Protein chains: 2
Amino acid sequence: MSSSKHHDHKRCVTSALENAAAICSSRGLRLTPLRRQILELVWHSHRPLGAYSLMEMLAEHSGRKLVAPPTVYRTLDFLVEHGLIHRVHTLNAFVGCSHPAGPHSDVLFICRECQTASEVHSPQVYKAIHICAAEQQFKVVQQMLEVVGICAGCAARKP
Amino acid sequence: MSSSKHHDHKRCVTSALENAAAICSSRGLRLTPLRRQILELVWHSHRPLGAYSLMEMLAEHSGRKLVAPPTVYRTLDFLVEHGLIHRVHTLNAFVGCSHPAGPHSDVLFICRECQTASEVHSPQVYKAIHICAAEQQFKVVQQMLEVVGICAGCAARKP
DNA sequence: CCACGTTATGTTATTATATAACATTGGCAA
DNA sequence: TTGCCAATGTTATATAATAACATAACGTGG
Ligand SMILES: [Zn+2]
Ligand SMILES: [Zn+2]
Ligand SMILES: [Zn+2]
Ligand SMILES: [Zn+2]
């Protein structure tokens, strides 16, 4: 559990669940038990998790009978659609969004050693991308830039 | 065949094949018939193609017997490894690299209407990403930023 | 030329990821 | 309550990727 950086990860989880509840409430969305459980599992750590891992974890942790893939994917789709989690294409996986209320124009730094994915909001990158897009007359619809490399923690451990 | 922008696509293909031959030659790599054929098929258009589509196209176009997935993936791995094509994670697909000799720090604009993927080299974006990474003490290993949206051509067609 | 090590390709089977199509349930409001 | 709609369940299948091992092609020293 938790990421490479030592921190009180329970706070991440409770905060994520509280945010989700608030957002769903304010938007008239239903944060059902299944959605809540899967969101909590996605937040198990800062490592993106695949749909099938989540399926298995759900069966183990919640006592619930093994749900089938469509159920998990539908729930993940819901969470992605409303910005509570992000899909990580590089890993075919999902990770919790660290600022679900915001505009979601971020860079996701993915460590190829420890798989930790950290989301960084960078107006500079955002601006540069949009300038570049404008030059191509390209209209950006969805933006989650995935950058693969080595995180600070892993770089320190492996000198 | 070809992309949304009208252009002499045959030139794209011949140029890509010539570049590949030169690069392989200079690096002591073997551009075997299979590799050459698959590279040519990837360059069939500017739309990224999946491995299985390439398999089928290979069987149709080259008269060759249907090759199995591992063969295609190995060949694609070779082409990716040496920068002749790019893997497009957003689409689980592959697209030809438009400047295979370069440093490959680019933005790939993917049109969700016509699937055309156009690679743009932007020092500004590159710089912004690396500044952002440096702030996180994150060491970038691999960078191909995929941005999904609507290309100029499709925007013009659908007002 | 041959024998040999290396690289490339072939083959079979399996794993991993994702969706289609339809059935059932549960909340909620007329 | 009845009836709708959203959510979840179920079954089957599509799509993407790899493991493990077999054979073929290439080049190099003898
Ligand atoms: Zn945390
Ligand atoms: Zn790491
Ligand atoms: Zn072209
Ligand atoms: Zn387009």
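Here the structure is a predicted model, which is why all the values come from computation and not from measurement. Every chain is numbered from 1 and lettered A, B, ... according to where its sequence line falls, protein lines coming before strand lines.
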(request) For B:L29 and for B:A68, find the nucleotide of DNA chain C with the closest heavy atom, then tell me which residue's nucleotide is more 5'. (result) B:L29

(message) Which is more 5' along DNA chain C, the nucleotide nearest B:R64 or the one nearest A:A93? Just name the residue.
(response) B:R64

[X] [atom1] to [N] [atom2]: how many Å, rounded?
X: B:L79; N: C:dA8; atom1: CG; atom2: C1'; value: 13 Å
X: A:K65; N: C:dT25; atom1: NZ; atom2: C1'; value: 13 Å
X: B:L76; N: C:dT9; atom1: CG; atom2: C1'; value: 14 Å
X: B:M55; N: C:dG10; atom1: CE; atom2: C1'; value: 13 Å
X: A:F94; N: C:dA16; atom1: CZ; atom2: P; value: 17 Å
X: B:L31; N: C:dA8; atom1: CG; atom2: P; value: 11 Å
X: A:L34; N: C:dG26; atom1: CG; atom2: P; value: 14 Å
X: B:R35; N: C:dT7; atom1: CZ; atom2: P; value: 11 Å

(message) Whether B:T71 contacts C:dT9 is assessed here as follows: a side-chain N or O lying under 4.0 Å from the phosphate OP1 or OP2. Is that the case?
(response) no

(request) Indicate whether OP1 or OP2 belonging to C:dA20 is found under 4.0 Å from a side-chain N or O atom of A:R74. (result) no

Check: [X] side chain, [Y] main-chain N or O, donor-acceptor pair, under 3.5 Å:
X: B:S62; Y: B:A59; value: no
X: A:S25; Y: A:A21; value: no
X: A:R112; Y: A:I150; value: no

(request) Quick one: label B:T32 by what it contacts on the DNA or RNA (base, sugar-phosphate, nothing), any heavy atom closer than 4.0 Å. (result) sugar-phosphate

(message) Please report whether the ring centroid of A:H86 lies less than 6.0 Å from that of A:H104.
(response) yes

(message) Just to verify, what does B:H89 make a ring pair (Phe, Tyr, Trp, His ring centres under 6.0 Å) with, not counting sequence neighbours?
(response) none

(message) Is it true that, when you exclude B:E113 itself, more than 12 heavy atoms of the residues, nucleotides or ligands shown sit nearer than 6.0 Å to its CD?
(response) yes

(request) Inspect the surroundings of CZ in A:R64 and state if more than 12 heavy atoms from other residues, nucleotides or ligands are less than 6.0 Å away. (result) yes

(message) Quick check for you: name the first and last nucleotides of DNA chain D, 5' to 3', having an atom under 4.0 Å from a heavy atom of chain B.
(response) D:dA16 to D:dC26

(message) Between A:T75 and B:Y73, which residue's closest nucleotide on DNA chain D lies nearer the 5′ terminus?
(response) A:T75

